Amino acid sequence: MGWFTKLCRNTGLMIHHAAKPVAGRKKIISQQTQEKKINETTTLRRTTIEEIEVKPSVDETDQV
């Protein structure tokens, strides 16, 4: 592959990855919020979010 072909390919890949970045997929499984009012001006709030993240494997990132 010549230098011009490599340049065109790498430029296209750069634009593609900028437009559609390869990122992991996240899915929220559950979300819970607990509140406790201490007095008129103070409220304690705890939020727990459980999620699953699937990162692309090395093979998926190399294929284009």
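Nothing here was measured: the structure is a model prediction, and the numbers come from that model.
- Distance alone, capped at 3.5 Å, is enough to place a donor-acceptor pair between the T11 side chain and the L7 backbone.
- Looking at Q34, K36, Q32 one by one, the single match for side-chain contact (heavy atoms from CB on, under 4.5 Å) with R46 turns out to be Q34.
- A distance of 8.0 Å separates CD in E35 from OG1 in T47, rounded to the nearest 0.5 Å.
- Atom-to-atom distance recorded for T5:OG1 and N10:CG is 10.5 Å, nearest 0.5 angstrom.
- For the atom pair R9 CZ and M14 CE, the distance stands at 13.5 Å (nearest 0.5 Å).
- Here the CD-NZ distance, from E53 to K27, works out to 14.5 Å after rounding to the nearest 0.5 Å.
- Side-chain contact between E51 and I29 is absent, with no heavy atoms from C-beta onward closer than 4.5 Å.
- When all heavy atoms are compared, the tightest approach of T42 to N39 is N-OD1, 2.9 Å.
- Contact annotation: the side chain of L44 approaches that of I38 to within less than 4.5 Å [non-hydrogen atoms, C-beta and beyond].
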